Asker: 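Handing you a structure now.
Since we're looking at a predicted model, the values are computed, not measured.
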Amino acid sequence: METSVVAAGYRLVGGSTEARRRLGLAEPTFGTLSADAFHVEGLPIPSAGTAEAGIAFVLGSRLTGPGATVASALRAVEFVLPVLEIAGAVVLGATPARMSTVDLRLAGCVLYKRGSVAATGAGGVVFGSPLNALVWLANTVGVLEPGQVVLSGALTPPVEVAPGDSVLASVAGLGSVTAILSGEQS
């Protein structure tokens, strides 16, 4: 099931040094997201594989590179949300936060699987700040449009999940997001 807020977006891969090492990447990379990748929080999703927690930027205005800066990115972001990425499925948190209310560099993250802590992380592992990842992406692709959702890259290491699992990510200052994996695989 798709959400109505998303027309398309981008997913950053290898935003942290550890993720690049694990994936064998010299530089970060990115992929595009279509609207059907997004699922409604709390409804079962047919997915299994690995889960990672991150931050989603929802753009309110165009962000253009090269030449994008942290200041221009701050102006372009309408709000941020916690996000779960599970084997190609994206689940956004339901409570938007303004950039002025949280320091993303210091935002701690806890990823729970079936109610137990499975992984931890912080915003600073992604380019020193997830906002820097957004700037990098704008300078790499050229133009990010209003309404697009950009995923920062993982704040936590990947955690194996299976059908029937529940996964919750809590990001300090942003709240939480929950995904319930159905008994079917996608």
Asker: Do any N or O atoms from the side chain of N139 and from the backbone of A68 form a donor-acceptor pair under 3.5 angstrom?
Answerer: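 It does hold such a pair.
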
Asker: Going from CZ on R75 to CZ on R62, what distance comes out if it is rounded to the nearest 0.5 angstrom?
Answerer: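 Output value for this atom pair is 15.0 Å.
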
Asker: Tell me whether L168 shares a hydrophobic cluster with V117, the cluster being built from Ile, Leu, Val, Met, Phe, Trp, Tyr side chains joined at under 4.5 Å.
Answerer: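 In one cluster: yes.
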
Asker: Do I45 and I180 come close enough that some side-chain heavy atom pair is under 4.5 Å?
Answerer: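 Of all side-chain heavy-atom pairs linking I180 with I45, none is under 4.5 Å.
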
Asker: Using a 3.5 Å distance criterion without hydrogens, assess whether the side chain of E41 forms a donor-acceptor pair with backbone atoms of T178.
Answerer: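 At least one qualifying donor-acceptor pair exists.
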
Asker: Looking only at non-hydrogen atoms, find the nearest pair between A73 and V135 and report the distance.
Answerer: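 So the two residues come closest at CB-CG2, 3.7 Å.
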
Asker: Can you hop from W136 to V141 via hydrophobic side chains spaced under 4.5 Å?
Answerer: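 Yes; tracing contacts between hydrophobic side chains, which count when under 4.5 Å, links both residues.
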
Asker: Quick check for you: to the nearest 0.5 Å, what is the distance between L59 atom CG and F79 atom CZ?
Answerer: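 Reported value, rounded in 0.5 Å steps: 10.0 Å.
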
Asker: Would you give the length of the straight line joining atom OG of S129 to atom CG of L104, rounded to the nearest 0.5 angstrom?
Answerer: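 It comes to 5.5 Å.
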
Asker: If Ile, Leu, Val, Met, Phe, Trp and Tyr residues are connected whenever their side-chain heavy atoms lie under 4.5 Å apart, and connections chain through other members, are V80 and V125 in the same group?
Answerer: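 Yes: a chain of side-chain contacts under 4.5 Å links V80 to V125.
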
Asker: Check L151, V149, I55, V171 against V83 for a side chain to side chain contact (heavy atoms under 4.5 Å, CB included) and give me the one that passes.
Answerer: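 Single side chain to side chain contact (heavy atoms under 4.5 Å, CB included) partner of V83 among L151, V149, I55, V171: L151.
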
Asker: Donor-acceptor check, side chain of T64 to backbone of V143, threshold 3.5 angstrom: yes or no?
Answerer: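 The answer is no, because no donor-acceptor pair under 3.5 Å joins these two groups.
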
Asker: Between R98 and E78 (side chain of the first, backbone of the second, donor and acceptor by atom type, cut-off under 3.5 Å), is there such a pair?
Answerer: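 Side chain of R98 to backbone of E78: a pair is present.
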
Asker: Closest approach of L111 and P157, non-hydrogen atoms and distance?
Answerer: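 Heavy-atom minimum between the residues: CD2-O, 4.4 Å.
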
Asker: So, for V126 and S152, which heavy atoms are closest and what is the spacing to 0.1 Å?
Answerer: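 The pair with the smallest heavy-atom distance is CG1-O, 3.2 Å.
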
Asker: Before you tell me yes or no, could you show the steps for I86 and V161 under side chain to side chain contact (heavy atoms under 4.5 Å, CB included), namely the whole-Å CA-CA distance, both residues' side-chain angles and the distance that decides it to 0.1 Å?
Answerer: CA-CA 8 Å; I86 304 171; V161 293; 3.8 Å; yes

Asker: How close do A48 and A87 get, heavy atom to heavy atom, and via which atoms?
Answerer: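 Here A48 and A87 meet closest at O-CB, 3.0 Å.
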
Asker: Side-chain contact, heavy-atom cut-off 4.5 Å: V102 with L174?
Answerer: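 Yes, at least one pair of side-chain atoms sits under 4.5 Å.
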
Asker: Could you tell me which non-hydrogen atom of K113 sits nearest to which non-hydrogen atom of D165, and how far apart they are?
Answerer: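 What the structure gives for the nearest pair is CE-OD2, 3.4 Å.
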
Asker: Stepwise, does the side chain to side chain contact (heavy atoms under 4.5 Å, CB included) test hold for N132 with V70?
Answerer: CA-CA 7 Å; N132 294 334; V70 168; 3.5 Å; yes

Asker: Per the side chain to side chain contact (heavy atoms under 4.5 Å, CB included) rule, which among L81, L84, V167 passes with V177?
Answerer: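 Option passing the side chain to side chain contact (heavy atoms under 4.5 Å, CB included) with V177: L84.
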
Asker: Enter the distance from L74:CG to M99:CE here, rounded to the nearest 0.5 Å.
Answerer: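 If I round to the nearest 0.5 Å, the distance is 5.0 Å.
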
Asker: Between L137 and V150, does a side chain to side chain contact (heavy atoms under 4.5 Å, CB included) hold up when you go through it step by step?
Answerer: CA-CA 9 Å; L137 184 64; V150 176; 3.5 Å; yes

Asker: For residues P130 and L155, report the shortest heavy-atom separation together with the two atoms involved.
Answerer: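 Shortest heavy-atom contact: CG-CD2, 4.3 Å.
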
Asker: Applying the 4.5 Å side-chain criterion to the ILVMFWY set and letting contacts propagate, would F127 and L144 be lumped into a single cluster?
Answerer: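 In one cluster: yes.
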
Asker: How long is the gap from CG on L63 to CZ on F57, to the nearest 0.5 Å?
Answerer: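 So the CG of L63 and the CZ of F57 are separated by 10.5 Å.
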
